[in-house]
Amino acid sequence: MKNILKRFLLISVGWLCVILGCIGIFLPLLPTTPFLLLASACFVRGSPTIAGWLHQHPTFGPIIYNWKQYRAVDRRIKWRANIFIVLSFFISIYIVPEIWQKIMLTAMVIMLLIWFNRLPETKAVARSTKNT
């Protein structure tokens, strides 16, 4: 019974992380890669079948692979993320009424961009689905 509960919990947390990772594709303040890595770890322990699906997924698989193999982010993903980060913060800075909020958001976007752009980057990795 304990193993069934543990497996259910791992699979549930894994799917929650996949959902949050999907949302993170569109919301730059919600990071996609850490959620997918956590989902992968949960699925490996809770359901190797779902882990295999996630690792073979055309969108999520390469993100997980690049991070696990190279501790790096794909150059295209980094480029897109930078655009969405700047756009979302620009809109937020424009919308907020108080000057202190504008200053705070400006400082946040600068720190986020510095941190994110310091991550190593890799070109898109063409990998065989049999190697994963």
Side-chain angles (χ1 to χ4, degrees):
M1 186 65 153
K2 186 178 179 182
N3 285 338
I4 293 172
L5 182 61
K6 180 180 174 182
R7 185 170 184 242
F8 175 77
L9 184 62
L10 285 168
I11 293 171
S12 297
V13 170
W15 281 116
L16 176 64
C17 290
V18 169
I19 290 167
L20 291 172
C22 289
I23 293 169
I25 292 171
F26 305 102
L27 296 176
L29 293 177
L30 194 64
T32 300
T33 302
F35 284 118
L36 293 179
L37 293 174
L38 183 55
S40 174
C42 289
F43 289 149
V44 164
R45 289 166 185 78
S47 172
T49 304
I50 300 173
W53 167 82
L54 184 63
H55 293 174
Q56 298 300 320
H57 192 276
T59 301
F60 304 135
I63 295 170
I64 295 169
Y65 177 80
N66 280 337
W67 188 256
K68 283 185 175 183
Q69 287 295 116
Y70 306 110
R71 296 285 187 243
V73 178
D74 184 305
R75 182 177 295 166
R76 294 173 302 138
I77 291 171
K78 205 175 203 183
W79 183 80
R80 279 187 238 146
N82 275 305
I83 289 172
F84 282 111
I85 289 169
V86 170
L87 283 174
S88 67
F89 270 93
F90 178 77
I91 292 167
S92 298
I93 291 167
Y94 180 76
I95 290 173
V96 296
E98 302 290 329
I99 190 72
W100 70 268
Q101 294 169 332
K102 294 177 187 295
I103 292 169
M104 181 188 65
L105 286 170
T106 302
M108 286 173 58
V109 73
I110 289 169
M111 289 187 294
L112 178 60
L113 288 171
I114 288 171
W115 169 80
F116 185 69
N117 285 297
R118 291 188 65 186
L119 290 175
E121 70 180 37
T122 179
K123 293 181 181 178
V125 176
R127 62 186 178 99
S128 169
T129 57
K130 293 179 183 176
N131 292 338
T132 307

> Shared ILVMFWY cluster between L10 and V13, side chains joined below 4.5 angstrom?
Replying inline: no

>> Hydrophobic clusters here meaning ILVMFWY residues chained together by side-chain heavy-atom distances under 4.5 Å, can you tell me if I50 and F60 are in one?
In response: yes

> Is there a donor-acceptor pair under 3.5 Å between the side chain of S92 and the backbone N or O of S88?
Replying inline: yes

>> Using the rule that Ile, Leu, Val, Met, Phe, Trp and Tyr join whenever any side-chain heavy atoms are under 4.5 Å apart, tell me whether M104 and F89 fall into a single cluster.
In response: yes

>> Using every non-hydrogen atom in the two residues, find where P120 and R71 come nearest and quote the distance to one decimal.
In response: CG-O, 3.4 Å

> Would I77 and I85 show up in the same hydrophobic cluster when neighbours are defined by side-chain heavy atoms closer than 4.5 Å?
Replying inline: yes

>> Could you check whether any side-chain N or O of S47 sits under 3.5 Å from a backbone N or O of F43, counting only pairs where one atom can act as donor and the other as acceptor?
In response: no

> If you link I, L, V, M, F, W and Y whenever their side-chain heavy atoms are under 4.5 Å apart, who else ends up in the same group as L38?
Replying inline: none

> V109 versus L105: any side-chain heavy-atom pair under 4.5 Å?
Replying inline: no

>> Please determine whether side-chain contact (heavy atoms from CB on, under 4.5 Å) holds for the pair L16 and L20, giving the CA-CA distance in whole Å, both sets of side-chain angles, and the decisive distance to 0.1 Å.
In response: CA-CA 6 Å; L16 176 64; L20 291 172; 4.2 Å; yes

> Other than I83, which residues form its hydrophobic cluster under the rule that side-chain heavy atoms must be closer than 4.5 Å?
Replying inline: W79, L87

> Measuring from D74:CG to I63:CD1, what's the distance to the nearest 0.5 Å?
Replying inline: 8.0 Å

>> Determine whether I114 and I110 satisfy the following criterion, side-chain contact (heavy atoms from CB on, under 4.5 Å), listing intermediate values before the conclusion.
In response: CA-CA 6 Å; I114 288 171; I110 289 169; 3.8 Å; yes

>> So, taking the atom named CG in L37 and the one named NZ in K68, what distance separates them when rounded to the nearest 0.5 Å?
In response: 7.0 Å

> What residues form a side-chain contact (heavy atoms from CB on, under 4.5 Å) with A41, not counting sequence neighbours?
Replying inline: R45

> Could you state the interatomic distance from CG (L54) to OG1 (T59), rounded to the nearest 0.5 Å?
Replying inline: 10.5 Å

> For Q69, what residues pass the side-chain contact (heavy atoms from CB on, under 4.5 Å) criterion, not counting sequence neighbours?
Replying inline: Y65

> What's the spacing between I93 CD1 and M108 CE if we round to 0.5 Å?
Replying inline: 9.5 Å

>> Quick check: do V73 and N66 have side-chain heavy atoms less than 4.5 Å from each other?
In response: no

> Under the side-chain contact (heavy atoms from CB on, under 4.5 Å) test, which residues partner R80, sequence neighbours left out?
Replying inline: R76

> Aromatic rings H57 and W53: how do their planes relate, parallel, tilted or perpendicular, breaks at 30° and 60°?
Replying inline: perpendicular

>> For the SG atom of C22 and the CZ atom of F35, what is their distance to the nearest 0.5 Å?
In response: 11.5 Å

> With a cutoff of under 4.5 Å between side-chain heavy atoms, which Ile, Leu, Val, Met, Phe, Trp and Tyr residues group with I99?
Replying inline: I103

>> Please report the interatomic distance CZ(R7) to CG(L9), rounded to the nearest 0.5 Å.
In response: 12.5 Å

> With the 4.5 Å side-chain cut-off for hydrophobic clustering, are L112 and V96 part of the same group?
Replying inline: yes

>> For a quick test of reading the model, state the closest non-hydrogen atom pair linking A39 to G14 and the distance between them.
In response: CB-O, 3.4 Å

